[in-house]
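In what follows, chains are A, B, ... by sequence order, proteins preceding strands, each numbered from 1. Both backbone and side-chain heavy atoms feed into the values below; hydrogens, waters and symmetry mates do not.
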2 protein chains.
Amino acid sequence: MAQKVKLSTIAETLGLSTATVSLALRDSPLVAEITRERIKEEARVSGYIYNRRAASLRTSKSGIVGVCVHDIMNPFYGEILKSVENELDRHRQTFVLCNHYDELSKQRAFLETMLQLGADGLIMSPAIGTPASDIRLAEDNDLPVTLIARTVDGSGVTSFRGDDTYGMSLVVDHLIAEGHRKIAMIGGTDLTSTGRDRELGYRQALERAGIDYRPDWRIQGPRSRHSGFDAAAEFLALPDRPDAVVCFSDLVALGLMYGLARAGLRPGIDIAVCGYDDIDEAAIAMPPLTTVSNGQSEVGQRAAGALLARLAGEPARESLELITPHLRIRRSSRLGGTGD
Amino acid sequence: MAQKVKLSTIAETLGLSTATVSLALRDSPLVAEITRERIKEEARVSGYIYNRRAASLRTSKSGIVGVCVHDIMNPFYGEILKSVENELDRHRQTFVLCNHYDELSKQRAFLETMLQLGADGLIMSPAIGTPASDIRLAEDNDLPVTLIARTVDGSGVTSFRGDDTYGMSLVVDHLIAEGHRKIAMIGGTDLTSTGRDRELGYRQALERAGIDYRPDWRIQGPRSRHSGFDAAAEFLALPDRPDAVVCFSDLVALGLMYGLARAGLRPGIDIAVCGYDDIDEAAIAMPPLTTVSNGQSEVGQRAAGALLARLAGEPARESLELITPHLRIRRSSRLGGTGD
DNA sequence: CTGAAAGCGCTTACAG
DNA sequence: CTGAAAGCGCTTACAG
């Protein structure tokens, strides 16, 4: 491009003012239909590129929404993001992604960048240890925030997530109904609301059934496929080994099943395994994985919707929107039974 | 924030000019050390937020690099992106992600957005059907492009990808060495360079071994775990069924293995299955998957490096940088054999 | 229905 | 070592 084409270039070529050109390109009815068409045609043929930085500097709207999660390669987040993306696309918002890998410094750098770029809003699954003040910093600088999957107390904003305590209790109830009494739980951490809530659901369900909680059957930590795989060895070495396992997530369960299979134990035959999230892979895994549908697409859609409402002027308020999870019974938990 | 703090606010407070403040905040030696410290301190306590839109409007540098791939939820791209992210992070570039899902319109919308935001550069794995002119449009508007994983002829820019033809021939050679003669290939499409090149490697390896290519043993299409799973039925119905399969990707292979196992066929025992890419999961899968390491992190790192060089002023040139793939032999391909 | 002018918040020569 | 002034490319009252 020899010479950059800008509004004023078009205005000069056509003998109009930049004001008219600006209005016409945004389809303002203030400009006569015929003038509008001439202007648009000229913009097209001259290869005009709208300069959003300039516009944004003037209007203080950027059309950018930031999205920050633990790791987009995790299908659980991926599925949420897909529905967020869908929703934002329809409102012509550009969507800027970031992984924080639970490093507060990464999350802060991203937040700072969004502030500097004048982002219109932020959707985040806060990193471990996020203080409420980080979220208020954004809000105080006109950057509305909506939380997903995890909660931060005192943030003053709306969070969307599944009802993890209830969901986990559904799984454990199911295993108990299948006749299991020795049920381990693998994965998750006390440091996130998700981890705490799912463990609570596990303990409550045991308690309701009159089964003692055994700390040695609670293996904390794993949150990925790989660490689930690694946990198999630890599980197999457990004293008085349980015959059923609930996992923090599907990813952990799928990794664990690989690990158990490698050790010669057949998931769904020798041992019951359940996951959490009902990611796409759960239904086709071998064996098909019993899990809890955690409403990823609903979380994404509602979170995006709530953020758009904030952009449209709705005030912030602290609230927790719980999506009701559903049990998906498949073969991995039905020893000797049938199922898909 | 009652009142937005800007450069001029700081300048007034301190009785300095905005020029001095601007220079000081960017650590210019033109400003006296002591003045610089006063300014930075004031910026800190007043909660100043640097306005990148304004700066970028002035300098026409935005600090943004766009990255556009088929689907970031695909671990193959995820692994590339992780290393791109690493590299860009070190140069304090903000990294804006986009999935095009092989829809040209989505890719174009993203390209347009990057142009409007004045992005400094673009890394992309071009959508099916991307014309060279789309890439030249970016280049002509001062938006340097580097391609990954796929190539576009006549683009005039550098591409980084694995040597797919050679890589696929390694797998097929290995199966032949294991004694297989009836080898199917599942997945991939003629519409991408990756699909074409991997199929070519398959056919060349067969030819070298004097084995006829059988079109009915070439199942095109699958490129995801789910479609790999679905392809199992088609494969099982094949006339004169092969006893070995090479897949377009690990994801396809992993899905296929789920499908075969569900049908009662044991991958790695009754049938040999190989993947491509060597994603993290391949090594822990059950059975562990024989595959080809495709150098994802090298692709990402070198592509990011090349783009940074372009940003630093290096001219564009059309070239193809092939990363040499390596065979990873695991249990899925060694019927009756041993391995990890 | 269209135009002249100010201003968004920075950076960059240029002057002193 | 610091300041005054112009300008990046838009949009928005305001006037006509």
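Under a 4.0 Å N-O distance rule, the pair A:Glu79/A:Lys82 does not qualify as a salt bridge.
For the pair B:Ser22 and C:dT11, the criterion of a side-chain N or O lying under 4.0 Å from OP1 or OP2 is met. In this structure, B:Thr20 reaches the D:dG3 phosphate: one of its side-chain N or O atoms is under 4.0 Å from OP1 or OP2. Using a 4.0 Å cut-off, some side-chain N or O of B:Thr35 falls inside it from OP1 or OP2 of D:dT2. Within the 4.0 Å cut-off from OP1 or OP2 of D:dC8, not a single side-chain nitrogen or oxygen of B:Thr59 is found.
Protein atom CG of B:Leu23 is 15 Å distant from nucleotide atom P of C:dC14, rounded to whole Å. Rounded to a whole Å, the CG atom of A:Leu7 is 20 Å from the P atom of C:dG7.
Take the nearest nucleotide of DNA chain D for A:Arg53 and for B:Gly15: the residue whose nucleotide is more 5' is B:Gly15.
With C:dC1, C:dG9, C:dG7 as the choices, the nucleotide that has an atom nearest any side-chain atom of B:Leu57 turns out to be C:dG9. Distance from the side chain of B:Arg26 is smallest to C:dT12 among C:dA4, C:dT12, C:dC10.
Applying a 4.0 Å cut-off to non-hydrogen atoms, none of the residues of residues 111-121 of chain A approaches DNA chain D.
Residue B:Ala32 is in sugar-phosphate contact alone, with no base atom involved, counting any heavy-atom pair closer than 4.0 Å across all strands shown.
The nucleotide D:dA15 finds its pairing partner in C:dT2, both defining distances of the Watson-Crick or G-U wobble pair being shorter than 3.5 Å.
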